[in-house]
Peer 1: 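I have a structure I would like to understand better, so I am pasting it below and will then ask my questions one at a time.
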Amino acid sequence: RNGKAVLAFGTYKRDLGPEDEPSPFGEFRVVDAIRIVEMQLNSWVSLEQLKKQGIITKYFAVAQHEDVVKLHEEWLVNSRIANWCDFLNLSVATKIFVMPREGTKQGLLRNFFGEEITFFFRWHAFYTQMLCILGVVGAGFHLAQNINIEVRRVAQIVFTCIMVVWATVFNQLFLNRMARARQEWGMQDFESAYLSIDRADYNFELEGRVMQTCKRFLSYFMCFLFCLAFIGVISVCEAKKKEEIETETDGYFRRYGSVVVVLMIKVWSIGWGYIAPLLADMQNHRTEERYNDSLTFMLAFVKVFVTLWNFVYVAFIKNWTSPTCGATMEKVTQRIWNNFTGYTAANRTLAELAMAALQEQRYTYESNEHVCAYGCYPVSPYAVTQEGGETNCYQILRYELVTFFFVHIVYTVIFLIFPMMKVKIDMWLELRKVQSMDDEKCPGGRGPTKAYSWLQWQAKCPQYEYASWGGSRVEDFLECAIGYALITCFGILFPSLCLFAFIGNMVEHRLLAYRMTHVTCRPFPRGASGIGSWTQVFEYISNIAVVVNVMLLVSVMYPIKSYDLKYKFLFFIVLEHALLGVRAALDQLIPDCPHDVKRIEDFNNHFIRTMVKFKELHVRPEEQYWKEFGRVDLGLSPGESLEPNCSDMQGTDWSDSEGSGCC
């Protein structure tokens with residue numbers, strides 16, 4: 001290329017090139033050496049089994065202090081503030097308000113953590129950037145909805161379309177960026193080359209057995225049973241809350257019902273986080289990649305379901321399963337509006353208008369000589385007489401959505417800050433213990449001051465693995481997937497929530513960066529060709545969001561919710577298919593792999609196929625055989641000679657040649 005030889009294959013030598021030119025090989029990085037050492041060790045002995053059996057307490061890739069310093073200065077420090085003043089690490093704190101980038105200038109993340117973790121931070125940075133756009137648009141639509149009822153109707157439909165387009169564009173653009181990074185880093189075929197190492201718990205003898213097949217089926221069936229159990233618990237909480245409201249009891253569920261539901265969601269999710277790894281171990285996966293894919297599916301399926309179920313119940317099921325009944329219409333209105341101070345039985349005019357409006361707008365029905373109101377009804381007698389009045393379900397959805405989202409952000413931040421404090425406290429307690437022991441031995445009562453070495457400090461840091469205070473790739477992605485599902489599925493109920501999500505992700509990104517740099521023990525730098533099975537998880541959530549958003553427009557929001565059932569169904573089918581068509585069109589307009597990446601890959605493949613790897617084999621003339629094989633009979637019988645037959649050589653240009661044996 002450019003008049004110079006292109007090295008395609010050869011033994012690695014740092015000084016292979018001329019003295020005045022760099023080596024034709026790329027730089028041999030430290031992470032490459034760590035991977036080679038790890039592969040060699042795993043081919044000889046299982047480090048994970050040694051740890052489980054207590055032979056070793058911990059193994060990790062040691063980080064050089066100068067590398068951590070570079071990573072801190074490039075990734076965590078706000079250079080503008082640092083050049084001016086760095087009082088109490090002000091430069092690190094103010095970095096929170098700087099838009100995260102997809103990578104460091106010198107590629108320090110990839111050269112320190114490897115491609116697997118770098119891909120996660122690239123995804124998280126790009127997700128935060130896209131949330132900034134959606135947050136600004138959502139805040140504008142939130143303000144527009146307060147203008148009048150007509151603007152609100154149009155704004156809800158438009159923002160639904162914008163949400164679907166945003167989710168599709170976000171996923172496709174990241175696939176583009178992931179394809180470019182994969183080609184630039186040479187990670188196209190990484191899994192097939194590296195992830196063939198067997199897991200320590202893999203048992204080859206179990207493969208193909210009926211018992212093992214039953215275990216795999218049972219592990220996935222447990223996901224379904226766990227979701228059913230959660231539905232039962234939430235139904236009991238909702239029933240208790242409804243009972244206290246109808247009996248006018250100032251009970252616990254009536255006052256704190258929404259908070260109890262949010263806490264149950266978190267408790268149920270945490271419990272499943274301990275059960276899912278046990279079920280994944282039952283499946284006896286051979287490689288770590290297959291194990292992580294199975295764990296990702298079970299965690300994402302159950303936790304996203306648990307998160308969204310209560311909102312799905314209030315939006316689409318509560319109206320049919322939680323009626324309020326009474327002997328007369330007046331009794332029903334008193335029950336559903338008993339906490340509304342402006343409504344009394346004495347106010348006959350308002351009562352008659354409200355009861356007439358409830359019947360006219362089909363909020364009530366008759367059953368067994370009783371009058372019943374559906375589970376979703378106007379929040380006040382004034383609301384039922386006004387066009388587009390809000391229902392109790394709409395208010396509950398908005399309140400619980402905001403409550404859960406902020407609890408989710410606080411929960412994530414606390415579990416990022418707590419490990420930082422825990423590591424410092426553990427180290428301080430251990431140093432204090434050693435110091436007190438030395439003080440007792442010292443005659444003067446005060447021994448020399450103890451301090452951790454750099455290696456000792458790293459050994460005390462929590463590892464980057466599942467169910468560890470140091471975090472893990474699965475758990476970090478899972479928290480993001482839950483927030484992504486809430487925004488895409490129910491963001492139209494509270495559009496400005498997208499802006500708060502952007503701010504929360506800004507804080508989360510910097511806390512994750514600080515944890516990985518200064519708290520978590522350096523993980524082994526795994527390679528990867530992308531974010532793996534999480535690509536499918538976010539695609540599934542985006543497809544579910546299309547259905548949920550259209551159902552919200554049909555079932556919860558005015559005016560479509562007041563239409564007849566056949567018109568609701570028609571509107572749902574038309575709008576849902578239209579939005580799915582928009583997603584399909586955007587998938588084609590923004591392909592997974594950019595065209596320039598395909599051209600480069602085609603050129604590289606063509607070059608590999610056509611280049612001469614070895615010198616052409618020279619065969620002497622006396623050793624050369626036929627140059628025409630068109631009439632050779634390959635169906636040889638036993639004992640048949642390979643010598644040419646004169647009848648087969650008739651009509652050929654070499655049948656009468658000298659030495660052929662034919663005349």
Peer 1: So, Phe60 versus Tyr464, ring centres under 6.0 angstrom or not?
Peer 2: no
Peer 1: Check this for me, if you would: do Lys303 and Glu475 make a salt bridge, where the nitrogen-to-carboxylate-oxygen distance has to be below 4.0 angstrom?
Peer 2: no
Peer 1: With a 4.5 Å cut-off on side-chain heavy atoms, are Leu134 and Ile487 touching?
Peer 2: yes
Peer 1: Would you say the side-chain atoms of Tyr484 and Ser542 include a donor-acceptor pair closer than 3.5 Å?
Peer 2: yes
Peer 1: Just to verify, which of Arg286, His285, Lys52 counts as forming a side-chain hydrogen bond (donor to acceptor under 3.5 Å, both in side chains) with Asp201?
Peer 2: Lys52
Peer 1: Is the gap between the ring centers of Trp123 and Phe538 under 6.0 Å?
Peer 2: yes
Peer 1: Counting only heavy atoms not in Phe305, do more than 12 sit closer than 6.0 Å to its CZ atom?
Peer 2: yes
Peer 1: Check whether Asn284 reaches the backbone of Asn203 with its side chain - one donor and one acceptor, N or O, closer than 3.5 Å.
Peer 2: yes
Peer 1: Does the plane of the ring in Phe311 sit parallel, tilted or perpendicular to the ring in Phe490? Use 30° and 60° as the thresholds.
Peer 2: tilted
Peer 1: Please assess Phe297 against Tyr220 for the test ring pair (Phe, Tyr, Trp, His ring centres under 6.0 Å), listing each intermediate value before the final yes or no.
Peer 2: CA-CA 10 Å; Phe297 168 78; Tyr220 287 117; 5.6 Å; yes
Peer 1: Given side chains that start at C-beta, do those of Glu48 and Asn42 come closer than 4.5 Å, heavy atoms only?
Peer 2: no
Peer 1: One pair to check against side-chain contact (heavy atoms from CB on, under 4.5 Å): Asn292 and Arg473. What are the steps and the verdict?
Peer 2: CA-CA 10 Å; Asn292 288 332; Arg473 180 171 175 266; 5.8 Å; no
Peer 1: Answer yes or no: does atom CD of Glu205 have more than 12 heavy-atom neighbours from other residues, nucleotides or ligands under 6.0 Å?
Peer 2: no
Peer 1: I need the single residue from Glu116, Glu184, Glu115 that forms a side-chain hydrogen bond (donor to acceptor under 3.5 Å, both in side chains) with Arg110. Which is it?
Peer 2: Glu115
Peer 1: With side chains defined as the heavy atoms from C-beta onward, is the minimum distance between Phe119 and Leu109 less than 4.5 Å?
Peer 2: no
Peer 1: Using 30° and 60° as the class limits, which term best fits the ring planes of Phe217 and Phe221: parallel, tilted or perpendicular?
Peer 2: parallel
Peer 1: Which residue, Leu108, Leu71, Thr520, forms the side-chain contact (heavy atoms from CB on, under 4.5 Å) with Phe113?
Peer 2: Leu71
Peer 1: Could you report the tightest heavy-atom contact between Pro525 and Arg35, atom names first, then the distance?
Peer 2: O-NE, 2.7 Å
Peer 1: So does Arg522 pair up with Asp67, basic N to acidic O under 4.0 Å?
Peer 2: no
Peer 1: Restricting to non-hydrogen atoms, name the atom on Ile541 and the atom on Ala481 that form the minimum distance, rounded to 0.1 Å.
Peer 2: CD1-O, 3.9 Å
Peer 1: Please determine whether side chain to side chain donor-acceptor pair (under 3.5 Å) holds for the pair Ser219 and Gln283, giving the CA-CA distance in whole Å, both sets of side-chain angles, and the decisive distance to 0.1 Å.
Peer 2: CA-CA 7 Å; Ser219 61; Gln283 298 178 358; 2.7 Å; yes
Peer 1: For Met130, does its backbone N or O pair with a side-chain atom of Trp166 as donor and acceptor, under 3.5 Å?
Peer 2: yes
Peer 1: Is any side-chain heavy atom of Phe226 closer than 4.5 Å to one of Leu279?
Peer 2: no
Peer 1: Is there a side-chain contact between Gln458 and Lys58 (heavy atoms, below 4.5 Å)?
Peer 2: no
Peer 1: Are the side chains of His518 and His72 in contact, using a 4.5 Å heavy-atom criterion?
Peer 2: yes
Peer 1: Got Tyr202 and Tyr291 here, is their nearest side-chain heavy-atom distance under 4.5 Å?
Peer 2: no
Peer 1: Check Phe112, Phe121, Tyr514 against Trp75 for a ring-ring contact (aromatic ring centres under 6.0 Å, His included) and give me the one that passes.
Peer 2: Phe121
Peer 1: Can you confirm whether Lys215 is buried at NZ, in the sense that more than 12 heavy atoms of other residues, nucleotides or ligands lie under 6.0 Å from that atom?
Peer 2: no
Peer 1: Short question: side chain of Asn549, backbone of Thr488 - any donor-acceptor pair under 3.5 Å?
Peer 2: yes
Peer 1: Determine yes or no for a side-chain-to-main-chain donor-acceptor pair under 3.5 angstrom, with Gln456 supplying the side chain and Ser453 the backbone.
Peer 2: yes
Peer 1: Can you tell me how far apart CE (Met506) and CD (Gln129) are? Round to the nearest 0.5 Å.
Peer 2: 10.0 Å
Peer 1: Using atom types as modelled and distance alone, determine if a side-chain donor or acceptor of Arg515 lies under 3.5 Å from a backbone N or O of Met420.
Peer 2: no
Peer 1: How far apart are the closest heavy atoms of Gln463 and Cys521, and which atoms are they?
Peer 2: CA-CB, 4.3 Å
Peer 1: If you compare all heavy atoms of Val260 against all heavy atoms of Cys237, which two are closest, and at what distance to 0.1 Å?
Peer 2: CG1-SG, 4.2 Å
Peer 1: OG1/Thr517 to NZ/Lys70 distance, rounded to the nearest 0.5 angstrom?
Peer 2: 14.5 Å
Peer 1: Set out, in order, the CA-CA distance, both residues' side-chain angles and the distance that settles side-chain contact (heavy atoms from CB on, under 4.5 Å) for Leu308 and Leu486, then state yes or no.
Peer 2: CA-CA 7 Å; Leu308 299 182; Leu486 285 174; 4.1 Å; yes
Peer 1: Output, in order, the C-alpha distance, side-chain angles, deciding distance and verdict of side-chain contact (heavy atoms from CB on, under 4.5 Å) for Tyr59 and Phe524.
Peer 2: CA-CA 10 Å; Tyr59 65 95; Phe524 279 94; 3.4 Å; yes
Peer 1: How long is the straight-line distance from SG of Cys498 back to CD1 of Ile503, given to the nearest 0.5 Å?
Peer 2: 11.5 Å
Peer 1: Could you check whether the rings of Phe126 and Phe170 sit parallel, tilted or perpendicular, using 30° and 60° as the cut-offs?
Peer 2: parallel
Peer 1: Indicate yes or no: at least one non-hydrogen side-chain atom of Phe477 is less than 4.5 angstrom from one of His124.
Peer 2: no
Peer 1: Are the side chain of Ser294 and the backbone N or O of Arg290 linked by a donor-acceptor pair below 3.5 Å?
Peer 2: no
Peer 1: Using side-chain contact (heavy atoms from CB on, under 4.5 Å), reason through Thr307 and Phe404 one step at a time and then give a plain yes or no.
Peer 2: CA-CA 9 Å; Thr307 301; Phe404 180 85; 3.4 Å; yes
Peer 1: At their closest point, which heavy atom of Tyr127 faces which heavy atom of Gly483, and how far apart are they?
Peer 2: OH-C, 4.1 Å
Peer 1: Below 6.0 angstrom between ring centroids: does that apply to Phe230 and Trp272?
Peer 2: no
Peer 1: Any salt bridge between Arg526 and Glu289, counting N to O under 4.0 Å?
Peer 2: no
